[in-house]
Engineer: 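Would you mind keeping the following structure in view while I ask a few things?
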Number of protein chains: 4
Amino acid sequence: MQSRTPHARAGRPRSAAADAAILAATRAALVELGWSKLTLQDVATRAGVAKTTLYRRWAGKNELVVDAVAELFDELRLPDRGSLAADIEGVVLQFAAILARPEARSGLMAVVAESTRDAALRERIRTSIVDRQKRLVLQGRERAQARGELPGEDDAAAAARTADLIFDVVAGAVVHRTLVSAEPADEEWVRRFTQLLLLGLGDAARAGFAGTAGQGGPDGTDARGRDG
Amino acid sequence: MQSRTPHARAGRPRSAAADAAILAATRAALVELGWSKLTLQDVATRAGVAKTTLYRRWAGKNELVVDAVAELFDELRLPDRGSLAADIEGVVLQFAAILARPEARSGLMAVVAESTRDAALRERIRTSIVDRQKRLVLQGRERAQARGELPGEDDAAAAARTADLIFDVVAGAVVHRTLVSAEPADEEWVRRFTQLLLLGLGDAARAGFAGTAGQGGPDGTDARGRDG
Amino acid sequence: MQSRTPHARAGRPRSAAADAAILAATRAALVELGWSKLTLQDVATRAGVAKTTLYRRWAGKNELVVDAVAELFDELRLPDRGSLAADIEGVVLQFAAILARPEARSGLMAVVAESTRDAALRERIRTSIVDRQKRLVLQGRERAQARGELPGEDDAAAAARTADLIFDVVAGAVVHRTLVSAEPADEEWVRRFTQLLLLGLGDAARAGFAGTAGQGGPDGTDARGRDG
Amino acid sequence: MQSRTPHARAGRPRSAAADAAILAATRAALVELGWSKLTLQDVATRAGVAKTTLYRRWAGKNELVVDAVAELFDELRLPDRGSLAADIEGVVLQFAAILARPEARSGLMAVVAESTRDAALRERIRTSIVDRQKRLVLQGRERAQARGELPGEDDAAAAARTADLIFDVVAGAVVHRTLVSAEPADEEWVRRFTQLLLLGLGDAARAGFAGTAGQGGPDGTDARGRDG
DNA sequence: CCATAAGCGAGACGGTACGTCTGGTCTTTCA
DNA sequence: TGAAAGACCAGACGTACCGTCTCGCTTATGG
């Protein structure tokens with residue numbers, strides 16, 4: 001957009017370093033103070049920047065924190081552990097680890113809370129966080145289809161809807177477990193959740209939600225085919 | 001609570017009507033202003049009460065809102081629609097309807113956000129909201145077991161863990177869908193979600209997540225028994 | 001006005017001590033910082049008061065400083081030194097001494113400057129400062145008339161106009177000397193100014209503006225002894 | 001000053017037009033906004049100039065306004081109306097007319113206020129405004145002496161002191177009347193002031209401060225007819 | 001005739017005060 | 001003696017201006 005003109009706009013250009021420093025300072029302040037006690041003056045001071053600079057780039061606390069938190073989730077990677085079940089467990093554990101960090105806990109929920117009254121913020125969350133991380137679901141499905149664990153998709157629209165659904169179920173379950181129920185999403189819980197997700201309520205119930213058994217357990221969709 | 005003692009304490013008794021008026025005023029203010037712009041002064045004014053009275057009964061904004069929001073979820077009922085799938089769909093739609101109301105949206109997420117830095121608030125949320133609504137899961141399971149849709153439970157501890165897991169998955173999915181992804185949890189989505197929950201990823205995928213097809217579709221765990 | 005109702009208004013009454021503390025703090029801050037660097041937060045801190053309290057009572061910096069400065073001039077007294085000339089010299093020296101204090105210098109001129117764009121402030125200055133100090137002129141004239149140094153007045157309106165004129169001439173001369181010309185209004189200057197005021201340009205010139213001569217000099221209008 | 005060297009310094013020379021535009025813009029901004037709301041950015045914009053250019057030539061708001069205001073007083077002229085009294089009345093009316101202009105009102109008092117804490121500014125005011133206008137007093141005295149209205153001066157130092165005194169009395173009275181007392185220095189006031197200045201308090205009182213009487217009145221020192 | 005040097009418009013920068021608002025507490029008077 | 005009213009201290013909010021700085025460009029003189 002700004003590079004269309006052959007020569008840069010007049011005036012002193014914005015400091016590129018400042019942006020990174022501010023986002024890092026925001027996360028640091030979130031860790032120490034939490035959302036409600038976080039002040040923009042404090043963020044500015046930590047970043048070695050004037051409050052004005054901060055307001056020049058973000059409209060307020062909400063927008064700033066969305067960007068700061070969004071970066072946290074960019075480190076999520078879908079590991080290739082050989083089976084869909086193991087892949088899911090891997091990425092869910094990563095997600096749980098991020099949500100165990102205070103800056104993610106306070107920040108994410110706070111901006112979601114604010115977004116209930118602010119469509120622009122809602123859009124920003126969707127763009128910066130939700131849509132960006134849906135790649136994990138798509139990637140996981142492709143890999144599972146390549147392995148033959150999941151059937152191919154004919155209807156692209158339906159496939160997209162399904163990816164959305166799975167994303168909400170997975171992300172929602174982990175968030176609710178860790179933040180609302182306020183219990184840890186530890187390995188055992190992740191294993192049982194994955195089994196439920198893959199097998200469904202009835203089969204998972206019959207399989208005993210074999211979470212405590214550390215013996216390797218179900219290895220994916222095939223785990224169910226026990227009586228085939 | 002304060003009226004349990006047989007003889008009232010000396011002095012003017014607290015107005016019983018005030019509590020209800022305050023909680024109602026809190027919800028009304030949440031609707032209009034959202035969490036961050038809600039002030040206790042405003043709530044007090046709406047309730048026709050002095051700010052002092054408010055602080056005499058609640059420690060602060062957070063506690064007040066937890067109580068105001070908790071009441072909203074008490075109206076949830078598990079309908080008896082003849083099958084586990086239909087029961088789930090019914091209660092999930094009710095839950096989605098509550099989350100569509102602005103006072104629930106703003107209030108719930110806000111107190112959850114605050115609770116990330118406040119153990120007492122976390123406990124209050126768990127007591128007033130989470131544990132109180134888990135009854136729905138237990139009730140649903142009992143009913144499904146009575147119908148023969150789900151097997152009986154031997155291990156009480158494991159059964160409790162499973163109930164918790166299901167609660168997090170259901171509540172988490174709906175919350176994430178409506179508040180984070182910011183998409184409506186409409187009938188079609190609820191149908192597809194229920195199918196995923198009951199059948200699991202693999203089978204649901206094979207069944208085509210028949211959400212748009214209004215043909216009644218799978219009716220619970222037996223829907224899967226395709227090759228029995 | 002507020003005492004017309006038999007019982008005071010509900011709520012906590014304003015602290016009487018705060019007003020005095022704030023005005024004193026304002027003068028102290030004017031001494032140290034001058035008008036332009038004076039901040040209301042600083043005044044509040046010095047007075048041991050919150051900024052809110054300050055804004056509850058004054059609309060802004062200007063109004064506050066008018067009141068703080070006005071008090072300074074209330075200490076002016078017309079000494080009885082036996083002759084009109086000596087009385088004038090006495091009060092002018094007092095006025096010069098006040099204008100030598102930094103809080104008076106900065107404060108007075110600053111609010112006058114602001115008042116050029118603000119009719120309300122102009123009125124406040126007139127009420128709090130100008131009209132309040134005109135008493136000195138009236139008192140001096142009465143005394144001089146009693147002594148026979150000045151003729152009695154028939155026309156009350158004309159007498160008032162004359163008092164205004166004399167006030168502007170005296171106050172204006174001292175202010176201009178000390179603040180605009182930035183020279184001290186010392187005893188010698190005051191003596192020469194008084195002579196000019198009493199004798200007028202022509203006679204004073206002939207009398208040689210006997211300022212340096214410390215011999216007691218003219219003792220009033222008769223000093224000119226024009227018809228001796 | 002910089003043109004003393006035969007060849008100008010290297011580099012692009014400063015725009016001569018800019019200075020005039022800036023001073024004019026400053027006066028315009030003073031008229032519209034007054035001192036306290038006047039911003040250098042605004043002046044720069046009005047003058048079609050960058051803020052940098054402005055700071056390259058003046059140290060700050062104060063210095064700029066002194067220069068802008070000083071120019072206003074340069075238009076003062078001592079008219080030759082035939083008598084000292086009439087000459088004084090003429091120049092005082094001109095001075096009052098200038099002080100009736102908002103840029104002069106706000107600007108002059110504001111820089112005087114600032115100068116109370118800033119010796120350099122005080123010096124600048126003295127040089128640019130006070131000393132420059134004292135010419136009027138000297139000129140008036142010369143003319144009066146030529147006419148025989150005032151005696152000649154033997155002592156040059158005393159004469160200078162007297163000129164200073166008269167300047168402070170005249171300028172101070174007009175400034176105080178218009179800005180502090182906030183009353184117009186109209187023709188009637190100017191006539192009465194001139195009479196006071198020439199005759200002194202006692203004689204002027206006896207002469208009745210014949211301001212309202214439009215009969216031509218006193219025409220100078222002779223008006224008193226002291227030797228009749 | 002092009003290099004050097006200063007001036008120029010634009011606008012971001014670190015600071016800082018503004019005046020407002022809210023949170024909680026404390027002190028009155030009324031019922 | 002509790003409740004309503006409202007003043008109190010504390011401190012964050014978002015805005016505005018200050019005076020400085022960095023840009024890329026322009027306009028002079030001077031080698």
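The figures that follow rest on heavy atoms only: side chains count, while hydrogens, waters and symmetry mates do not. Owing to the predicted nature of the structure, the values given are computational and were not obtained by experimental measurement. Chain letters run A, B, ... following the sequence lines, proteins first and then strands; every chain starts at 1.
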Engineer: In whole angstroms, how far is the C1' atom of dA5(E) from the CZ atom of Arg12(D)?
Structural biologist: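 My rounded result for the distance is 12 Å.
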Engineer: Given dA4(F), is OP1 or OP2 found less than 4.0 Å from the side-chain N or O atoms of Thr53(B)?
Structural biologist: yes
Engineer: Mind calculating the distance between CZ (Arg57(D)) and P (dG9(E)) to the nearest angstrom?
Structural biologist: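 Atom-to-atom, Arg57(D) to dG9(E), this comes out as 8 Å.
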Engineer: Which sits closer to the 5' end of DNA chain F, Ala59(A) or Thr52(D), going by the nucleotide each is nearest to?
Structural biologist: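 Whichever sits nearer the 5' end wins; that is Ala59(A).
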Engineer: Rounded off to whole Å, could you give me the CD1-to-P distance for the Ile22(D) and dG7(E) pair?
Structural biologist: 13 Å
Engineer: Just jot down the side chain to side chain contact (heavy atoms under 4.5 Å, CB included) partners of Ala47(B), sequence neighbours excluded, or say none.
Structural biologist: Ala21(B), Ile22(B), Ala25(B), Val49(B)
Engineer: What is the distance, rounded to the nearest whole Å, between atom CG of Leu54(C) and atom P of dT20(E)?
Structural biologist: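 Those two atoms, CG and P, are 12 Å apart.
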Engineer: If I take atom NZ in residue Lys61(A) and atom P in nucleotide dG14(F), what distance separates them, rounded to the nearest angstrom?
Structural biologist: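 Taking NZ of Lys61(A) and P of dG14(F), I get 8 Å after rounding.
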Engineer: Can you tell me if Arg117(C) uses its side chain to pair, donor with acceptor, with the backbone of Glu32(D) under 3.5 Å?
Structural biologist: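 Answer holds: yes.
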Engineer: Quick check on DNA chain F: between Pro13(D) and Gly60(D), whose nearest nucleotide comes earlier from the 5' end?
Structural biologist: Gly60(D)
Engineer: Do the side chains of Ser128(A) and Asp67(A) get nearer than 4.5 Å, heavy atoms only?
Structural biologist: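 Heavy-atom side-chain distance check passes, below 4.5 Å.
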Engineer: Give the rounded distance in Å between these two atoms: NZ of Lys37(C) and P of dG15(E).
Structural biologist: 16 Å
Engineer: Figure out the CG/P separation between Leu38(C) and dT16(E), and round it to whole Å.
Structural biologist: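 It works out to 17 Å between those atoms.
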Engineer: When you measure from the side-chain N and O atoms of Arg56(C) to the phosphate of dC8(F), is any distance below 4.0 Å, counting only OP1 and OP2?
Structural biologist: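 It does, given that an N or O in the side chain of Arg56(C) lies less than 4.0 Å from OP1 or OP2 of dC8(F).
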Engineer: Find the distance Lys51(C):NZ to dA12(F):P and express it as a whole number of Å.
Structural biologist: 11 Å
Engineer: My understanding is that only residues two or more places apart in sequence, or in another chain, count here; which of them pass side chain to side chain donor-acceptor pair (under 3.5 Å) with Arg27(A)?
Structural biologist: Glu71(A)
Engineer: For residues 107-115 of chain B, tabulate all N or O donor-acceptor pairs below 3.5 Å that involve a side-chain atom, not counting sequence neighbours.
Structural biologist:
| from | atom 1 | to | atom 2 | distance (Å) |
| --- | --- | --- | --- | --- |
| Glu114(B) | OE1 | Ser36(A) | OG | 3.3 |
| Ser115(B) | OG | Val112(B) | O | 2.6 |

Engineer: What pairs of residues pass the side-chain hydrogen bond (donor to acceptor under 3.5 Å, both in side chains) test when at least one of them lies in residues 14-26 of chain C, not counting sequence neighbours?
Structural biologist: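 Sorted pair list: Asp19(C)-Arg57(C).
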Engineer: Can you name the residues that form a side chain to side chain contact (heavy atoms under 4.5 Å, CB included) with Gln41(D), not counting sequence neighbours?
Structural biologist: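 For Gln41(D) the side chain to side chain contact (heavy atoms under 4.5 Å, CB included) partners, ignoring immediate neighbours, are Thr39(D), Ala44(D), Thr45(D), Lys51(D).
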Engineer: Does anything in residues 39-49 of chain B come within less than 4.0 Å of DNA chain F? Heavy atoms only, and list the residues if so.
Structural biologist: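 The stretch gives Gly48(B), Val49(B) as the residues lying under 4.0 Å from the strand, ordered by number.
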